[in-house]
Amino acid sequence: MSAQEMPTAYAIMLVRDALEQGENLLQGLNISMEAIEKKEYFPLVDYMVILDRYTSWNNEIDWGFSFGHRLGIATHGALGFGAMSARTVKDGLAFLSRYLSTRVCHTHARLVEADDAVAIYFDIDSSVLVAPRRSCESLSMVFQTYIEAVGARSAPTLWHFPYQEPEDSTYYTRWLHGGFRFGSEQLVLEVPGSVCMVVSAFHNESVCQSRIAECEKILSEGTRSSTEV
């Protein structure tokens, strides 16, 4: 994976979702579904074209949340399996934060500890995004799904979204199980110690270490390719 590539799994989900409803997001593009399915990663610019078309076509007000919710562990590769196998929720969040860019090249995350609690700051390159709000919504689902999948409750968490409250924000209550606020400078997730200290039901140190090695390799390859451009 280079610094300007995205997993094909995310694009495939968008294209298939639209196809099921009669919309071909690949129409007129020099790329086919068969070609996408043969690769694990493909250029960010191609992904953004697909995302732009999906955003223009889909009029569902909460599709950012629904898309993020449907992204299962398998679509996140080593990132997902590594987080699930970490010892505690705090360890898993640290894993997700450190290696998030191995799956979402336009976003980096930084975890800051305060006693037992943590705050995760997301740095999103908005210059390449066609739907930054939807991306924030999808990210919130990825992290919420992880917390709940390993056996913790996400109700005590608090999200800070980097935009003003949407005109119809009631759907945020339907999707987010914790608190949320609008108007922050960047996307932030606050997780209290009561959630952080929960031991993952899927903890496996051997699996976790192997996924760390895999993600470190992806990071180093991405850094190397970006310096060669």
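Numbering starts at 1 and runs along the sequence shown. A quick note: this is a predicted structure, and the numbers were derived from the prediction, not measured.
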Rounded distance [0.5 Å steps], [atom1] in [X] versus [atom2] in [Y]:
X	Y	atom1	atom2	result
L219	R98	CG	CZ	6.0 Å
I31	I36	CD1	CD1	4.0 Å
S169	L176	OG	CG	11.0 Å
D46	L51	CG	CG	12.5 Å
Y41	E5	OH	CD	8.5 Å
H76	T102	NE2	OG1	10.5 Å

If only atom types and distance count, is the side chain of [X] paired as donor or acceptor with the main-chain N or O of [Y] below 3.5 Å?
X	Y	answer
T107	V104	no
S154	T157	no
S210	V207	yes

Please report the closest heavy-atom contact between [X] and [Y], naming both atoms and the distance.
X	Y	result
Y10	T75	CE2-O, 3.5 Å
R103	M6	O-SD, 3.8 Å
Y146	G92	OH-CA, 3.1 Å
T8	K39	OG1-O, 2.6 Å
Q164	G183	NE2-CA, 3.8 Å

Run through H108, Q186, R110 and flag the one making a side-chain hydrogen bond (donor to acceptor under 3.5 Å, both in side chains) with D123.
Q186

Does the side chain of [X] reach to within under 4.5 Å of the side chain of [Y], using non-hydrogen atoms?
X	Y	result
L100	L139	yes
Y163	C136	yes
D116	C196	no

Counting heavy atoms not belonging to R133, are there more than 12 under 6.0 Å from its CZ?
yes

Quick check: is [Y] connected to [X] through a chain of hydrophobic side chains (ILVMFWY, heavy atoms under 4.5 Å apart)?
X	Y	value
I124	Y121	no
M13	L29	yes
I61	L14	yes
L71	F202	yes

Please tabulate, for the side chains in residues 188-195, all donor-acceptor contacts under 3.5 angstrom to protein atoms that are two or more places apart in sequence or on a different chain.
{"residue": "E190", "atom": "OE2", "partner": "H160", "partner atom": "NE2", "Å": "3.0"}

What's the verdict on side-chain contact (heavy atoms from CB on, under 4.5 Å) for L187 and W159, showing C-alpha distance, side-chain angles and the deciding distance?
CA-CA 7 Å; L187 181 64; W159 283 95; 3.8 Å; yes

Could you list the residues that satisfy salt bridge (charged side-chain N to carboxylate O under 4.0 Å, His left out) with R134, not counting sequence neighbours?
E137

My understanding is that a hydrophobic cluster links ILVMFWY residues whose side chain heavy atoms are under 4.5 Å apart, including indirect links. Using that, what else belongs to the cluster containing V199?
none

Transitive ILVMFWY cluster of L158, excluding itself - 4.5 Å side-chain cut-off
none

Which label fits Y171 and F65: parallel for a plane angle under 30°, tilted from 30 to 60°, or perpendicular past 60°?
perpendicular

Enumerate the salt bridge (charged side-chain N to carboxylate O under 4.0 Å, His left out) contacts for residues 149-173, please, sequence neighbours excluded, ordered by first and then second residue.
none

Partner set under ring pair (Phe, Tyr, Trp, His ring centres under 6.0 Å) for [X], not counting sequence neighbours:
X	answer
F143	F122
F182	F161, Y172, F180
F95	Y99

Residue pairs passing the side chain to side chain donor-acceptor pair (under 3.5 Å) test with at least one member in residues 197-207, sequence neighbours excluded, are E205-Q209

Going by side chain to side chain donor-acceptor pair (under 3.5 Å), name the pairs with one or both residues in residues 59-72, residues two or more places apart or in two chains.
D62-W175

Sequence neighbours excluded and cut-off under 3.5 Å, please list the side-chain donor-acceptor pairs for residues 79-91, or say none.
{"residue": "S85", "atom": "OG", "partner": "F81", "partner atom": "O", "Å": "3.0"}
{"residue": "S85", "atom": "OG", "partner": "G82", "partner atom": "O", "Å": "3.1"}
{"residue": "S85", "atom": "OG", "partner": "C208", "partner atom": "N", "Å": "3.3"}
{"residue": "T88", "atom": "OG1", "partner": "K90", "partner atom": "N", "Å": "3.4"}
{"residue": "T88", "atom": "OG1", "partner": "D91", "partner atom": "N", "Å": "3.1"}
{"residue": "T88", "atom": "OG1", "partner": "D91", "partner atom": "OD2", "Å": "3.1"}
{"residue": "K90", "atom": "NZ", "partner": "E113", "partner atom": "OE1", "Å": "2.8"}
{"residue": "D91", "atom": "OD2", "partner": "T88", "partner atom": "N", "Å": "3.3"}

Name the atoms and distances for all side-chain donor-acceptor pairs under 3.5 Å in residues 19-26, with sequence neighbours left out.
{"residue": "N24", "atom": "OD1", "partner": "L26", "partner atom": "N", "Å": "3.0"}

